[in-house]
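Just so you know, these numbers come straight off a predicted model, no measurement behind them. Computed over heavy atoms, backbone and side chain alike; hydrogens, waters and symmetry mates excluded.
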Amino acid sequence: MLHVAKATFIRNTRVMIRAYPWSFVIGHIFSGVYTVLFAFFAYHYVFAGQLDENFAHLTGSSDYLSYAILGGAFYAFAVSTLMNVSRSLITELREGTLEAVLLTPSLRRGYFLGNVAQQLMRTLFEFSVIVLVGALFGLTLSHTNVWSAVLVWILSTGAFFCQALVLGSLMLWFRDTYITQNTLFAVMAFVSGVTFPIPYLPEWLQPLGLIMPLAPALDAFRQCVIQGAPLHAVSPQLFHMAALSLIYLVIGVWGIRRMEKRVMESIFG
Amino acid sequence: MKQLGSLLLAEIIKEHRHSFHSKMVYFSLLVWPVINFVTAYYSFAPFRMGADSPLARFISYEQLPLFLLTGYLGYIFYWCLVQSSWQMSFERQAGTMEMIFISPVNRLAFLYGRSLSSLIEGVWLFFCFVLLALFFVDGIQLSGWWAPPLAFLILLVSAIVWGGFLCVLFLFSRDSSFLYTVLDEPMLIFSGVRLPPMAFPVWAKVISFCFPLTYALQLIRELLMEGASLQTMLPSMGLLAAVLLVLVTATVVLLKQAEKHMKKTGNMVMY
């Protein structure tokens, strides 16, 4: 399995460097940086630093800039992980290599592990750049509980990976990446508490946030960074994330297998 | 002239068929702007609102939904008309770019045809916007019955010119979709889509003046929210016209440069 993972990692890195060196990396970094800029402008220049009374009560801190900047950075990280993993099979289909991938006796687990490892390198770079820019615009990192934050980040990668398997199956089902992924990303940005706390939403919309791994992941990460919370303090969010990961994993593995079969029958005959 | 028209029409039909291969596309066109708009609206929730909010220095609290709605209308309109330009790289991948440039097609007709291909979406969006604004949002103050058609015309012309300009930029490289991110997303922040540019620091104001959408939105808000007369809007209109003229000139010059470059290097399809 590790051989397959290593080979996939090396191949994907080469493809990224040779064929598409800038598009996605720069795109994700800029998206995160724009969220940082929006938060900074709105807070300082438009609202003169005046927050709603409920904000501190809902988030446990009155540090809006750290709240919004971490939201932007973590959202970019989630989108990047979801996109890179879920698009892998449909990209193979488009580039004409899917048949070869499916015909080889390689383990699919190794293939996806290689994909995740490769994209982990990219997302770590993207995330670091956004956080660094955020630090210039008012993100406070002095209270961070580093180990808890790192662990939440790694666990979140796992959760997004599981969600990406379901997204990947849907993409193969619809034979589309653009509409499927962007609809999901738009909904995620709305219901997961990226730029505002979820309780501000109407009550009937709030349950939508519960099915997105981004919501508990972001909540836990913010607590670890802004308030320096230890890992056990965010265990409800971690359990929530683990439960969602398990559900997505089961559906995703089943979906990918089904879609592979369908693609083999409908395309390759 | 007749030939130019038919070329333009052919490109519009081609691009429309290419982009609207399924009904899902119409779904996304309707759903994405709505989700983005409500997300933008709720992004203001953590701030202090009401009559004594610092926001009132720029927009009254009651007009915030209309401010965002006009902002998003302008942005989506631009986005609709310019998204076909970043898909220029698909022409390379499909190998059709070479065929287009070998044929005696007028290059400008090809560029602006691509840009215009989203006209139907633009009309549809504008129609939905007017209905929404009329029934659900307070604070509308029209300059006259002619204000909505004029706003539509301003958006249409400026977006086509901007789309044509982006198309040319995408002629230079296969991996240029990041340019889309560099040029498209800053519009959301700097052009006054979500925040009033008057609130920005000087450096941000300088950036915002580089986007034609800033001028277009200024005009549209004057037309639909402030009930300004034509005479008071003349300076803003002149400014927008000047910016568009600069963009058209840049498009023509860059187009010649791009074709010359591609002919010289012979790599129309690869890079």
J.: If contact means a heavy atom pair closer than 4.5 Å, which residues of residues 191-198 of chain B contact chain A?
T.: B/R194, B/L195, B/P196
J.: Checking heavy atoms, do the side chain of A/P202, its backbone, both or neither come under 4.5 Å from chain B?
T.: both
J.: Is B/S43 close to chain A through its backbone or its side chain, or both, or neither, when contacts mean heavy atoms under 4.5 Å?
T.: both
J.: Any idea which heavy atoms bring A/A189 and B/T39 closest together, and the distance?
T.: O-CG2, 3.9 Å
J.: If you draw a 6.0 Å radius around CZ in A/R258, do more than 12 non-hydrogen atoms from other residues or ligands fall strictly inside?
T.: no
J.: For chain B, which residues of residues 43-66 of chain A have at least one non-hydrogen atom nearer than 4.5 Å to it?
T.: A/Y43, A/Y45, A/V46, A/F47, A/A48, A/Q50, A/L51, A/D52, A/F55, A/Y64
J.: Which residue out of B/G50, B/A199, B/P54 racks up the most heavy-atom pairs below 4.5 Å with chain A?
T.: B/P54
J.: Given the options A/V194, A/N182, A/L37, A/V187, which has more heavy-atom pairs under 4.5 Å with chain B than any of the others?
T.: A/N182
J.: How many angstroms lie between CZ in A/F190 and CZ in B/F37, if you round to the nearest 0.5 Å?
T.: 10.5 Å
J.: What pairs with B/T70 under side-chain hydrogen bond (donor to acceptor under 3.5 Å, both in side chains), at least two apart in sequence or on another chain?
T.: B/R221
J.: Measure centre to centre between the rings of B/Y42 and A/Y200, then say whether the value is under 6.0 Å.
T.: no
J.: I'd like to know whether B/W203 forms a ring-ring contact (aromatic ring centres under 6.0 Å, His included) with A/F41, so could you lay out the CA-CA distance, the side-chain angles of the two residues, the decisive distance to 0.1 Å, and finally the verdict.
T.: CA-CA 12 Å; B/W203 64 269; A/F41 283 164; 5.7 Å; yes
J.: Output the option from A/V33, A/V191, A/L201 having the highest count of non-hydrogen pairs under 4.5 Å with chain B.
T.: A/L201
J.: Tell me, side chain or backbone of B/F58 under 4.5 Å from chain A's heavy atoms, or both, or neither?
T.: side chain
J.: For chain B, which residues of residues 210-222 of chain A have at least one non-hydrogen atom nearer than 4.5 Å to it?
T.: none
